[in-house]
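Here the structure is laid out as structure tokens; the discussion comes afterwards.
Keep in mind that this is a model prediction, so the values were computed, not measured. Naming: A, B, ... by sequence-line order, numbering from 1 per chain. Just so it is clear, the values below take in all heavy atoms, side chains as well, and ignore hydrogens, waters and symmetry mates.
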Amino acid sequence: MSIRARFAPSPTGQVHIGNIRTAIFNYLFTRHNKGEFLLRIEDTDLERSTKQAIDALYDCMKWLGLDYDGEVMYQTTQSEHHKQVAKEFAAKGLAYELNPGEENTPVLFRLEYDCDSFPFVRSKGMVKVEVSAEAPVKINRAGVVYSTVNHKGKVVESAGCLAGFKDLKVYGKEGEILFALTSGNIEEIKSLVEPVTIENASAIEFERREVYYNDLVKKELSKPLDSIKDFIIIRSDKSPVFHLANVCDDITQHVTHIVRGDDHVENTYRHLFLFHAMGYPVPVYAHLPMIVNASGKPYSKRDGDAFVGDFREKGFLPHALFNYLALLGWSPGDDREKMSMEEMIEAFEIEKAQHSAAQFDFAKLSNMNGAYIAEMAFDEFENICWDFAERFEYKGNADRNVFRKVASLMQSRTKVFTDIAAWSYFFEDVKEYDAKGMKKFLKDETMRNALSSLVPVFAAGDLKDASAIENAIRNAETAFGFGQGKLNQSVRVAVTGTTVGAGMYETIEILGTEKCAERITKALAQPLPA
RNA sequence: GUUCCUAUCGUCUAGAGGCCUAGGACACCAGGUUUUCAUCCUGGUAACACGGGUUCGAAUCCCGUUGGGAAUGCCA
């Protein structure tokens, strides 16, 4: 049977990079294995799920090239099915109401007591736990509640589902058995609403079982069953809870592999029981580590730049983002980093995914984006720049031919498309002068005189190409006793207001020497920063 | 509190008991090319969290400690 994996986002707000990284891994995983990549939109949270959020999701996926197979499933269309499944559970004794008989009561799923034969449950042998006599041991259908004394002498309460305490015995002070869970009374306990309360217990003893599964990324994972509780599957308003809906839909969509964030590791232990209760073989899981922000913390609402849409706005190429995100928590095992889609699909082995969280590095993404820009065909680059310039005022003054020349000078200098904001001095007057640059290059008196001497030379307007312009600058340097090239940066600051840019002579050539003469005069009239 | 997960340069990572004097990339620093800026090239600083074990041999396997994260929701 071929592999079927899904991306199942809840469309609440913007699409987050952590989320889309999960989509990328699912995509690469299925494409590598020639399987199917399904999309399911978990829109059951009516309060927060919006049309805009769904549109934003499709938009992001399309932009990144994440094409999915088959029809999209909207989870809200499945809610009748979810409720039906819950009813079947109740009929089979696998679910019960929290407050029986009450109108608005949630429904809980019971972790099956007779689970020794389940393929994901195993025994860890008998354990004995000292309990505090200060609080009673309570047992009912929801499980066992008991208290222990911690190393500081504090009484701490613990609770777990019935299934966690196979063959439970509660001992009194003299070691006598106060209560025992047996095949004879288990059915009765399973229906007990009011708990059996056992005072003055000294210890409990039971067979500890644990739930386990083999994660493709994290290898074998396990958790004691006595640390898991029965859980709600239907809310008091009758709506299905995530756990139920998620598992039901995975079954409906015939999902074979679940690739998701490792914040779901703990849910998996419960979902395993759900799959089993519905008679479906448990899928294979792969839990991906999270992406954290520059301070090493999980992304929160404050980290504004974590949305896919923001990266698009900032001028990142979709493939650069895709490539970078694929490398966050995965590597092909060799030194390759810049990879085509085909290469990534070919190399993608989910087992090579990292076990621990990865920190997002904006600088590395920018560098990779710059590398992709550098190798772009010039026309494509120029077209994107022209579109991008829409958001900058200078575009109003820009002649497309001049813009083209500027773009050809700037391609190797562009990391992100918003960098082209800095091209404004080609199309409009310098509004701001870099303070550091002015202090460094426009302060010296002789230097200012040398610059002044350039004004009439430029104003004459007979220097037509870069090498003539270069000669003029060389001459001024010689006349004022400067070494070769000493004047370049001063001219740059005076003409462009900044210390970085394209080649100086080419820049002046595009601008025209007359305009540069005006700008030098204007720059020399600026007050020097303190 | 309990349970689960996790730990290699500042960051992303390579590493499957001997190929490790720990490799690559980003960032940073220095030098070169460009008489300037950027690209580019060369070089450099920089890591196996700590403590025990297993082994002839440990970044790698085991245990513990510490740090980080998660779950313990009628959120998903």
Note: contacts of residues 467-478 of chain A with RNA chain B (heavy atom, under 4.0 Å) are A/Glu470, A/Arg474
According to salt bridge (charged side-chain N to carboxylate O under 4.0 Å, His left out), does anything in residues 346-364 of chain A pair up with another residue at least two apart or in another chain? List the pairs. A/Glu337-A/Lys364
With sequence neighbours excluded, what pairs up with A/Asp334 under the salt bridge (charged side-chain N to carboxylate O under 4.0 Å, His left out) test? A/Arg336
Distances under 3.5 Å only, N/O to N/O: pair up the protein atoms with those of nucleotides 9-14 of chain B.
{"from": "B/rC12", "atom 1": "OP1", "to": "A/Gln359", "atom 2": "N", "distance (Å)": "2.9"}
{"from": "B/rC12", "atom 1": "O2'", "to": "A/Leu327", "atom 2": "O", "distance (Å)": "3.2"}
{"from": "B/rU13", "atom 1": "OP1", "to": "A/Gly329", "atom 2": "N", "distance (Å)": "2.4"}
{"from": "B/rA14", "atom 1": "OP2", "to": "A/Gln354", "atom 2": "OE1", "distance (Å)": "3.2"}
{"from": "B/rA14", "atom 1": "OP2", "to": "A/Gln354", "atom 2": "NE2", "distance (Å)": "3.3"}

Quick one: side chain to side chain donor-acceptor pair (under 3.5 Å) partners of A/Lys338, sequence neighbours excluded? A/Glu375
All salt bridge (charged side-chain N to carboxylate O under 4.0 Å, His left out) counterparts of A/Glu220, not counting sequence neighbours: A/Arg122
Could you give the CZ-to-C1' distance, from A/Phe165 to B/rU3, as a whole number of Å? 12 Å
In residues 500-508 of chain A, which ones come under 4.0 Å of RNA chain B, going by heavy atoms? A/Val500, A/Gly501, A/Ala502, A/Gly503, A/Met504, A/Tyr505
Tell me every residue that passes side chain to side chain contact (heavy atoms under 4.5 Å, CB included) with A/Glu157, counting only those two or more places apart in sequence or in another chain. A/Val145, A/Ser147
Contacts of A/Ser227 that satisfy side chain to side chain donor-acceptor pair (under 3.5 Å) - sequence neighbours left out: none
If a protein heavy atom is under 4.0 Å from the base, mark B; if only from the sugar-phosphate, S; if neither, -; do that for nucleotides 64-76 of chain B going 5' to 3'. ----SSSSS-BSB
Across all chains, not counting sequence neighbours, the salt bridge (charged side-chain N to carboxylate O under 4.0 Å, His left out) partners of A/Arg40 are A/Glu42, A/Asp249, A/Asp250
Quick one: which residue pairs count as a ring pair (Phe, Tyr, Trp, His ring centres under 6.0 Å) with a foot in residues 222-241 of chain A, not counting sequence neighbours? A/Phe109-A/Phe231, A/Phe231-A/His243
